[in-house]
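Below is one structure; the comments refer to it alone.
Residue numbers count from 1 along this sequence. Worth saying up front: this structure is predicted, and the values here are computed from it rather than measured.
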Amino acid sequence: MVELGAAAADLYGELRLPPLLRQLLEHSNRLLGAVASSVSLVEAGGDRYRKIAETGVSCQLGHSFALDEGATGQVLTRRRPVVLASYRDLPVGHLPPGTPQSTGAVVAVPI
């Protein structure tokens, strides 16, 4: 189990956004037993989102996507957390074909 003090020290030791988000994702992965995670933000225009941090699998970091694509698109469409038995259940995903992580479960949460 991760100690809260050690986790806080890791998270707040570096306050630039990309490293902070990666550390947050790494801690979340350990707590949840996840193999990959990412953070996306809706762009200023409100018609696309951009993947700004990821861990565990390379999935088009820095790219911009339509609001109805990927796990983030499902969260935005449904306006609630999304749980899928397999990444392949997404109507439009962004993992490269044949990626082993594409068979794993998906949890996507709006923040």
Side-chain angles (χ1 to χ4, degrees):
M1 181 159 192
V2 177
E3 289 187 29
L4 184 57
D10 281 346
L11 288 173
Y12 296 110
E14 171 63 70
L15 294 178
R16 291 179 301 123
L17 187 58
L20 178 64
L21 290 174
R22 276 191 302 278
Q23 287 179 351
L24 178 63
L25 291 172
E26 289 167 2
H27 282 290
S28 297
N29 286 352
R30 282 194 296 277
L31 290 171
L32 297 171
V35 296
S37 56
S38 65
V39 173
S40 298
L41 295 176
V42 175
E43 295 179 344
D47 60 343
R48 298 183 68 76
Y49 71 88
R50 182 172 302 277
K51 185 169 293 196
I52 62 167
E54 64 184 15
T55 62
V57 65
S58 180
C59 187
Q60 303 187 45
L61 181 65
H63 289 228
S64 178
F65 304 99
L67 293 181
D68 60 350
E69 292 183 13
T72 300
Q74 290 296 299
V75 167
L76 292 168
T77 298
R78 300 176 189 193
R79 301 281 190 224
R80 61 178 171 81
V82 172
V83 178
L84 302 171
S86 173
Y87 184 87
R88 288 184 281 191
D89 294 337
L90 289 170
V92 178
H94 301 126
L95 286 173
T99 301
Q101 292 85 348
S102 67
T103 62
V106 175
V107 176
V109 181
I111 300 175

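Taken from CZ in Arg48 to CG in Asp68, the straight-line distance is 9.5 Å, to the nearest 0.5 Å. Atom CZ of Arg79 is separated from atom CD of Gln74 by 12.5 Å, given to the nearest 0.5 angstrom. Within the model, atoms CD of Glu43 and CD1 of Ile52 stand 10.5 Å from one another, a figure rounded to the nearest 0.5 Å.
Across Pro81, Ser40, Pro110, a single residue satisfies side chain to side chain contact (heavy atoms under 4.5 Å, CB included) together with Val75, and that is Pro110.
Nearest heavy-atom pair, Leu84 versus Arg78, reported as atom, atom and distance to 0.1 Å: CD2-NH2, 4.4 Å. Closest approach of Glu54 to Arg22, counting heavy atoms only: O-CG, 4.0 Å. Across every non-hydrogen atom of Leu21 and Ala53, the tightest pair is CB-CB, 3.7 Å. Taking every heavy atom of both residues into account, Glu69 and Tyr49 meet most closely at O-OH, 2.8 Å. Between Thr77 and Leu67 the shortest heavy-atom distance is OG1-O, 4.2 Å. Scanning all heavy atoms of the two residues, the minimum distance from Leu61 to Lys51 falls at CD1-O, 3.7 Å.
Annotation: side chain of Leu95 is in contact with side chain of Tyr87 (closest heavy-atom distance under 4.5 Å).
Put simply, Leu17 and Leu25 are part of the same group of oily side chains (I, L, V, M, F, W, Y) that touch within less than 4.5 Å, one to the next.
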